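Only a predicted model underlies this, so the values are computations on that prediction, with no experimental measurement involved. Both backbone and side-chain heavy atoms feed into the values below; hydrogens, waters and symmetry mates do not. Per chain, numbering begins at 1; letters A, B, ... match sequence-line order.
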2 protein chains.
Amino acid sequence: MGFFPERTGRKNKVKRVSGQPSKNLMAERRRRKRLNDRLSMLRSVVPKISKMDRTSILGDTIDYMKELLERINNLQEEMHLGSNQLSLLSIFNDVKPNEIVVRNSPKFDVERRDTDTRIEICCAGKPGLLLSTVTTLEALGLEIQHCVISCFNDFAIQASCSEELKKRAILDTEDIKQALLRNAGYGGNVSRVKPSAGQL
Amino acid sequence: MGFFPERTGRKNKVKRVSGQPSKNLMAERRRRKRLNDRLSMLRSVVPKISKMDRTSILGDTIDYMKELLERINNLQEEMHLGSNQLSLLSIFNDVKPNEIVVRNSPKFDVERRDTDTRIEICCAGKPGLLLSTVTTLEALGLEIQHCVISCFNDFAIQASCSEELKKRAILDTEDIKQALLRNAGYGGNVSRVKPSAGQL
DNA sequence: CCGCACACGTGATGC
DNA sequence: TGCATCACGTGTGCG
């Protein structure tokens, strides 16, 4: 508003009497530029651009973010539902994962030679365990080439699998073992299944 | 920059000579208020707020949105992986295998004696066939007691299953066979499984 | 004192 | 012609 910045009558105002009006000005210009850059970036990211207005951009951004959050929630719900279905669709009811009676010392052995992986499991059986085990193996990229399954009393499976070379570098035999343990309802902690202990 | 907004020399400027400096002023104030409101809404939505700066808010918003998009992509990938399993899970959906090369005459045998059901399958292998077959058997109420699987060339499985008595009355061996056929990608009509029928 | 960030009023522009 | 939006320079409080 100051028509005359020097304000002759006022005392300690800015002494911009000399020719440097450009210190604060440049800073303000840079700030404005940064803000506009951010705004244009936002506008480039958000697909729903109703208008080019600053306020509209911010509003659309908010709407888009809420939409994204909702989609994430839906996806996660479906994910959980799907996994539940996976675990219980085969057999009708879901056995609670807690309270698992270890009748015998469970056995989870994973050995690997070249691209061939031999897996031997013997543990307490429960509904759907065979299915989930096969699912787990496939999810790990292990293609079952030959296997013998026995479910009379405990659940026992001996499988020879071939695995994709790409995943071979990533997957450790311990990883496979842990995955199988978790799948079978055991804690997934190797300490709870002593490897060298007299298993079964 | 105009120090002298009235620009005495210029002619038709704003006629703000009278006492209404408040038409455009109020509009500008409203606009600023809307913009600030949107900004505060944004700040309230975005959880990652490093600083309260306007530019920082916008930057954090951009980062957060990219993060959300990435999470959505990951979830959708997992969904698709899971949905593959899910689609193979249900017996009733027809997986369009569009092309299945019958290398040998496929074999789908189902025999039953008392509560014991012997199943023998030998057909062309395809990814997920083992999993879907196990799923199908379990969904039919057939609990695999012992089975031998070989997937070296074709897909072969010999399984001994025990089934629940309730379903035993309902399920026919032919039903089981049809379900297994459909699951394996064959039309489900026994007539189409004629060994010599050139499928595809 | 200075750098920074913000709010303010104002001129200009597009519809 | 009004109305809405924007860019600009500036004042001001805070560290």
OP1 or OP2 of D:dA4 less than 4.0 angstrom from a side-chain nitrogen or oxygen of B:R30, does that happen here?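 For D:dA4, OP1/OP2 do have a side-chain N/O of B:R30 under 4.0 Å.
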Taking atom [atom2] of [N] as reference, at what distance in whole Å does atom [atom1] of [X] sit?
{"X": "A:L25", "N": "C:dC8", "atom1": "CG", "atom2": "C1'", "answer": "15 Å"}
{"X": "A:M26", "N": "C:dA5", "atom1": "CE", "atom2": "P", "answer": "17 Å"}
{"X": "B:I57", "N": "C:dA5", "atom1": "CD1", "atom2": "C1'", "answer": "12 Å"}
{"X": "B:L58", "N": "C:dA5", "atom1": "CG", "atom2": "C1'", "answer": "14 Å"}

Could you pull out every donor-acceptor pair under 3.5 Å between side chains of residues 60-72 of chain A and any protein atom, sequence neighbours left out?
{"unit_1": "A:D60", "atom_1": "OD2", "unit_2": "A:S50", "atom_2": "N", "d": "3.0"}
{"unit_1": "A:D60", "atom_1": "OD2", "unit_2": "A:S50", "atom_2": "OG", "d": "2.9"}
{"unit_1": "A:T61", "atom_1": "OG1", "unit_2": "A:I57", "atom_2": "O", "d": "2.7"}

Please produce a list of atom pairs where a protein N or O lies less than 3.5 Å from an N or O of nucleotides 5-7 of chain D.
{"unit_1": "D:dT5", "atom_1": "OP1", "unit_2": "B:R34", "atom_2": "NH2", "d": "3.1"}
{"unit_1": "D:dT5", "atom_1": "OP2", "unit_2": "B:R34", "atom_2": "NH2", "d": "2.6"}
{"unit_1": "D:dC6", "atom_1": "OP1", "unit_2": "A:R54", "atom_2": "N", "d": "2.6"}
{"unit_1": "D:dC6", "atom_1": "OP2", "unit_2": "B:R31", "atom_2": "NE", "d": "3.0"}
{"unit_1": "D:dC6", "atom_1": "OP2", "unit_2": "B:R31", "atom_2": "NH2", "d": "3.1"}
{"unit_1": "D:dC6", "atom_1": "N4", "unit_2": "B:E28", "atom_2": "OE1", "d": "3.1"}
{"unit_1": "D:dA7", "atom_1": "OP2", "unit_2": "A:R54", "atom_2": "NH1", "d": "2.4"}

Practice task
Enumerate the residue pairs fulfilling side-chain hydrogen bond (donor to acceptor under 3.5 Å, both in side chains) with a member in residues 34-46 of chain B, sequence neighbours excluded, ordered by first and then second residue.
Solution key: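 Residue pairs with at least one partner in residues 34-46 of chain B: B:N36-B:R54.
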Next on the checklist: Do A:M41 and B:V45 land in one hydrophobic cluster if side-chain heavy atoms of ILVMFWY residues count as linked below 4.5 Å?
Outcome noted: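 Linked, A:M41 and B:V45 end up in one cluster.
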Practice item. Could you list the residues that satisfy side-chain hydrogen bond (donor to acceptor under 3.5 Å, both in side chains) with A:R118, not counting sequence neighbours? Key: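 Partners of A:R118 by the side-chain hydrogen bond (donor to acceptor under 3.5 Å, both in side chains) criterion, ordered by chain and then number, come out as A:E111.
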| Side-chain cluster (under 4.5 Å, hydrophobic types only) that B:V148 belongs to, other residues |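 Hydrophobic cluster check, B:V148: joined to A:V148.
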With sequence neighbours excluded, residues passing side chain to side chain contact (heavy atoms under 4.5 Å, CB included) with B:R113
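For B:R113, no residue satisfies side chain to side chain contact (heavy atoms under 4.5 Å, CB included) once neighbours in sequence are set aside.
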